[in-house]
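Notes follow once the structure below has been shown.
These numbers were taken from a predicted model, which means no experiment stands behind them.
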Amino acid sequence: MIKEKRWKPEFERELFDKWIKSKNFKFNPETKKDIFTVDTPPPTANAKWHVGGAGAYSFLDMIARIQRMRGFEVLLPWCSDRNGLPMEVSVEKHHKIKMHETPRKEFIELTAQWAEKIGGEVTNIAKKMGVVAEYDGDFYYETDKPYYRKITQSTFIELWNKGLIYEDTKPNNYCISCGTTIADAEIEYEDKSTDLVYLNFETEEGKKLEIATTRPELLGACAAILYNPEDERYKNLEGKKAKIPLYNDEVPILSHPSAKQEFGTGLMMLCSYGDYNDIRTIMELNLPEKILIDKEGNMSEKSGKYNGLTVLDARKKIIEDLKSSEFFVKSEKINHRTPVCWRCKTNVEFVAMPEYYLKQVKFKESLKKIVDKIKFHPKEYKQNLLDWINSVSRDWVISRRRYYGTEIPVWYCEGCKKPWLPKPGEYYQPWKDSPPEYAICECGSKEFYGDERTFDTWMDSSITELFITGYKRFPELFERSFPCSLRNQGKDIIRSWLYYSLLKTYQLLEAPAFEHVFINGHGVDEDGKKMSKSVGNIIEPMPVLEKYGADAFRFWCASETSVGNDFRYSEERMDASQKFLTKLWNLSRFISMFEMEGEDFELQESDKWILAELNRTIKKCDEGYKNFNFFIPANEIKNFSWNFFADHYLELVKSRAYNRDNFFSIKEKNAAIKTLRMVLKKTLKLLAPICPFITEKIWLEMFSKDSIHIELFPQEENTENSLLNLSKDLIELNSGIWKTKKEKGMGLNSEIKNVEIPDELKIFEKDLKKMHNIIE
RNA sequence: GGGCGAUUAGCUCAGCUGGUUAGAGCGUCACAUUGACAUUGUGGAGGUCACAGGUUCGAGUCCCGUAUCGCCCACCA
């Protein structure tokens with residue numbers, strides 16, 4: 001019998017400790033069961049979760065638990081992403097230093113220390129939420145550790161050996177603030193207001209040509225003037241030359257479809273490099289490039305008097321200069337979709353640096369076929385990924401000019417400069433170490449110098465599913481567990497984490513990386529706005545968890561919104577979750593008061609009715625869980641246990657269970673108690689993945705010494721489903737009698753006469769009479 | 001410009017392959033209730049299911065537009 005009058009979140013801690021100590025939830029690679037692997041998204045060490053972010057991780061735990069109940073050996077790894085830009089940026093901020101001005105070794109040490117210091121917060125939240133994952137052992141990993149980085153490097157070496165890597169110096173996205181080239185997937189677009197400046201260029205004959213540009217500071221880098229081939233206004237200019245304002249250089253006037261007639265004056269200034277289109281067109285037309293912006297993002301000597309200014313300052317200055325010149329016509333404010341670095345939101349420039357590239361353009365079609373083999377939840381996001389794949393138009397730049405990342409494992413011959421790669425399987429740091437002893441260049445030389453660059457963080461992140469399934473670590477396990485069963489992630493990193501994982505896995509293994517991809521929405525605040533630091537509307541999970549407990553929080557996550565939608569935080573709905581737990585607790589407490597007298601029982605029609613309702617609920621929950629849709633089971637269970645089981649069945653058989661006046665036989669009484677307990681037992685199992693604590697607590701009090709979480713999911717059974725047709729009538733009859741009593745000012749337990757029980761409900765007559773105290 | 005999704009009670013959302021008077025939670029109003037329920041129960045009010053057409057015996061549910069919002073993609077300098 002349950003003694004505690006109320007479910008208290010404080011019970012959770014003890015239960016969690018027990019789970020962690022138990023062997024039941026630790027992944028056993030030697031298992032005979034089928035393996036289900038979950039690719040936990042590695043939280044960045046400096047991550048701050050809001051309730052939405054935390055909620056996403058509680059889903060992982062729900063998935064792990066339901067799959068265990070389905071008989072799988074489940075691997076839910078735990079991990080921390082500590083590589084690359086996010087960490088470095090946070091160290092630069094904290095220590096108020098610049099990475100490129102700090103000795104590499106010192107910077108690396110600071111970053112490693114920083115990662116240790118701040119790493120634990122999200123893990124504490126996960127534990128508080130009841131997430132039982134691999135917090136230690138072979139399936140706990142940190143992406144900056146040698147055991148992880150060496151796998152990243154191995155994949156690089158293998159891809160190199162397949163001929164998929166090359167080095168090239170071509171203009172690419174360059175973040176001035178981060179001091180490195182970045183990939184297309186690391187670019188975001190922001191609408192920024194900017195000046196569209198109209199200027200007069202001049203033809204050789206002195207004829208004025210009005211041209212609009214948003215990048216006047218690049219006048220000196222102008223390579224040509226373009227007009228659209230269809231544009232009648234400018235056809236006469238073909239082959240002529242134009243003189244650039246302020247710089248006086250002459251450039252050709254050419255026709256090209258990338259110039260749009262409708263924009264500005266229809267004449268376009270082509271510079272190296274104002275945007276990605278400029279890059280493509282200049283390469284296509286084989287025009288000379290003039291680079292006016294240096295690596296620090298300042299104007300170079302070639303820009304003349306603007307040398308040393310930042311891009312934005314140079315723009316201001318040159319607009320002033322133009323305004324006081326004869327060339328200026330007018331300027332207007334326009335909204336310009338500006339590419340910015342997704343980490344630091346700095347405007348991206350286009351600079352040519354020698355970088356390593358991984359081929360991806362030629363894999364687009366194969367990848368689309370691979371995507372077809374993966375099940376998406378919800379399926380809409382598949383299109384999202386396909387859109388991105390379709391938009392890929394150049395290879396992935398994978399080298400970064402940063403310090404705290406996985407080193408590119410390449411040395412170069414001092415003599416002939418040829419690159420040399422070591423064998424895969426070790427962790428290499430070419431910037432400080434000599435190559436292995438067996439290193440020898442094709443030319444016979446043994447003198448090498450190391451590459452100083454690191455990888456794009458996504459090179460590390462895109463192998464998480466390989467790492468956890470045991471790639472290059474546990475060959476037998478890998479054989480059994482690849483492809484990874486499930487990737488769960490946010491929609492904002494479809495183009496990066498998901499795409500790159502699929503790309504690399506396909507290149508290495510020619511197989512899809514995952515069976516299922518589960519995309520969850522963003523956390524939004526009560527007004528539906530995305531939670532973000534800058535808006536200041538972050539709701540932290542810890543206080544919420546302290547107040548309501550993990551189960552209420554998890555139930556809220558599950559019941560709040562359907563798969564893939566954003567979920568918004570609401571205090572009211574958290575209260576509602578908590579009320580449901582209270583209801584469940586009291587329901588259980590009540591049922592726990594009854595004991596059967598002996599073993600004999602004889603099920604009555606009302607018992608069979610609730611069993612049929614239970615069966616229907618099991619079926620619905622099963623369908624929801626199969627699709628990793630927790631919204632369905634959460635709401636079905638709540639509806640069933642509250643509106644059917646507690647409100648109607650329990651009321652119906654209460655008297656029979658007490659049987660104080662021996663109105664019923666022992667067998668009839670026992671049947672009520674038996675049914676109450678059986679329905680509760682299965683309901684608890686249904687709810688266990690979503691609310692692991694309260695179900696466990698009740699389970700241990702009432703049904704078993706062993707955890708509910710090692711039970712199998714309830715099976716559907718043969719029940720008398722024709723009884724389901726009576727549910728509506730039964731509920732209406734009860735409501736009607738309650739209503740009548742209410743209207744007459746009677747207590748619910750007072751006697752009532754002249755109640756006509758409809759024929760089809762006569763089978764419940766005995767229970768009904770007792771329930772409503774109906775007398776003849 | 002293209003794609004995807006959304007638009008259902010005051011608020012947040014369910015409504016699968018079209019079928020009788022459109023649902024839930026919260027809120028609101030009224031009443032009842034002290035032995036499972038720091039509450040619960042019952043009842044009421046509240047919706048021309050974004051707008052305009054079409055298919056059909058019959059449409060939130062299918063088709064075609066339009067509008068608004070959100071997200072993704074795209075070479076508007």
Side-chain angles (χ1 to χ4, degrees), chain A residues 2 5-7 189 194 196-197 211-216 218 225-226 256-271 274-281 284 334-337 378-393 491-492 494-495 521-522 524 526-528 530 559-562 564-568 570-594 620 623 631-632 635-636 638-639 642-643 646-647 650-651 654 657 676 734-749:
Chain A
I2 298 175
K5 290 208 79 164
R6 212 185 163 202
W7 167 249
Y189 288 87
T194 189
L196 180 63
V197 185
I211 294 176
T213 179
T214 57
R215 301 294 302 264
L218 293 178
I225 303 298
L226 303 183
H256 193 271
S258 71
K260 298 279 177 281
Q261 297 190 41
E262 320 77 57
F263 190 90
T265 62
L267 285 173
M268 169 184 165
M269 176 174 106
L270 184 66
C271 321
D275 59 26
Y276 184 44
N277 182 46
D278 286 350
I279 297 173
R280 256 200 302 230
T281 315
E284 181 188 327
I334 59 163
N335 253 341
H336 183 218
R337 209 159 163 256
K379 55 186 189 312
E380 289 79 17
Y381 285 109
K382 183 173 170 178
Q383 189 56 41
N384 223 314
L385 173 63
L386 288 172
D387 281 352
W388 177 254
I389 293 176
N390 280 326
S391 79
V392 166
S393 62
K491 60 183 173 185
D492 50 334
I494 288 175
R495 51 151 86 171
H522 285 130
V524 295
E526 300 215 26
D527 300 321
K530 186 176 164 181
S559 62
E560 169 60 14
T561 184
S562 220
N565 291 340
D566 292 341
F567 44 106
R568 86 177 47 203
S570 147
E571 192 89 3
E572 273 174 9
R573 300 202 54 139
M574 284 299 300
D575 286 335
S577 280
Q578 200 180 34
K579 276 184 192 163
F580 170 61
L581 297 187
T582 305
K583 185 78 186 180
L584 181 68
W585 183 259
N586 282 304
L587 179 62
S588 306
R589 193 156 65 90
F590 181 69
I591 293 172
S592 77
M593 293 179 350
F594 298 99
K620 284 182 186 165
E623 280 166 14
F631 179 83
I632 292 173
N635 287 297
E636 285 298 333
K638 181 176 172 185
N639 181 44
W642 202 321
N643 300 337
D647 284 354
L650 183 63
E651 294 300 334
K654 220 180 219 177
L676 283 168
N734 289 336
S735 298
I737 295 172
W738 284 325
K739 189 179 172 185
T740 307
K741 286 190 174 177
K742 188 196 96 176
E743 281 166 359
K744 293 185 177 169
M746 301 158 67
L748 286 182
N749 56 356

Counting the atoms with a prime plus P, OP1 and OP2 as sugar-phosphate, which does [X] contact under 4.0 Å by heavy atoms, base, sugar-phosphate, or nothing?
X	result
A:Ser258	base
A:Arg280	base
A:Ile225	nothing
A:Arg495	sugar-phosphate
A:Asp647	sugar-phosphate
A:Trp7	nothing
A:Glu651	base
A:Ile591	nothing
A:Trp388	sugar-phosphate

Using the [atom1] atom as the reference point in each nucleotide, state the distance between [N] and [M] in Å, no decimals.
N	M	atom1	answer
B:G43	B:U56	P	42 Å
B:C4	B:A45	P	42 Å
B:G41	B:C26	P	9 Å
B:G46	B:G65	P	37 Å
B:U33	B:U42	P	16 Å
B:G47	B:A14	C1'	15 Å
B:C63	B:A52	C1'	14 Å
B:C31	B:U68	P	47 Å

With both distances kept under 3.5 Å, what pairs with [N], Watson-Crick or G-U wobble?
N	value
B:A36	none
B:G58	none
B:A74	none
B:A6	B:U68
B:A30	B:U42
B:G25	B:C11

Notebook entry, point to check: Should A:Glu651 and A:Lys654 count as an ion pair when the cut-off is N to O under 4.0 Å?
Noted result: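 Yes, A:Glu651 and A:Lys654 are salt-bridged.
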Just wondering, do [Y] and [X] contact through their side chains at under 4.5 Å, heavy atoms?
X	Y	value
A:Asn384	A:Lys491	no
A:Lys260	A:Met268	no
A:Leu584	A:Trp7	no
A:Leu196	A:Phe263	yes

Does [X] make a side-chain N or O approach to OP1 or OP2 of [N] shorter than 4.0 Å?
X	N	result
A:His336	B:A77	yes
A:Thr214	B:A77	no
A:Lys654	B:A36	yes

Check: Does B:G60 sit syn or anti, given that only angles within 90° of 0 count as syn?
Finding: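 Glycosidic conformation of B:G60: syn.
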[X] side chain, from C-beta outward: closest of [options]:
X	options	value
A:Lys579	B:A77, B:G3, B:U40	B:U40
A:Gln383	B:A36, B:G3, B:G5	B:G3
A:Phe631	B:C37, B:C13, B:G41	B:C13
A:Thr582	B:C37, B:C4, B:A36	B:C37

Item checked: OG1 on A:Thr194 to NE2 on A:His336, rounded to 0.5 Å ->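 So the gap between those two atoms works out to 7.5 Å.
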Calculate the interatomic distance between [X] atom [atom1] and [N] atom [atom2]; express it in whole Å.
X	N	atom1	atom2	answer
A:Ile389	B:G3	CD1	P	19 Å
A:Leu270	B:C75	CG	P	15 Å
A:Glu262	B:C75	CD	P	16 Å
A:Glu380	B:G3	CD	P	16 Å

Note to self: The test is side-chain hydrogen bond (donor to acceptor under 3.5 Å, both in side chains); show your working for A:Arg280 and A:Asn277 and say whether it passes.
What the structure shows: CA-CA 5 Å; A:Arg280 256 200 302 230; A:Asn277 182 46; 4.9 Å; no
Note to self: Can you work out whether A:Tyr276 or A:Arg573 has the more 5'-proximal nearest nucleotide on RNA chain B?
What the structure shows: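 The answer here is A:Arg573.
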Checklist line | Residue closer to the 5' end of RNA chain B, A:Ile334 versus A:Arg337 (nearest nucleotide) | finding: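 The residue closer to the strand's 5' end, by nearest nucleotide, is A:Arg337.
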Item checked: Residue pair A:Asp387, A:Gln383: steps toward the side-chain hydrogen bond (donor to acceptor under 3.5 Å, both in side chains) verdict -> CA-CA 6 Å; A:Asp387 281 352; A:Gln383 189 56 41; 3.1 Å; yes
Next item on the list: Report yes if a donor N or O on one partner sits less than 3.5 Å from an acceptor N or O on the other, where the partners are the side chain of A:Lys260 and the base of B:C76; otherwise report no.
Entry: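 No, the side chain and the base share no sub-3.5 Å donor-acceptor pair.
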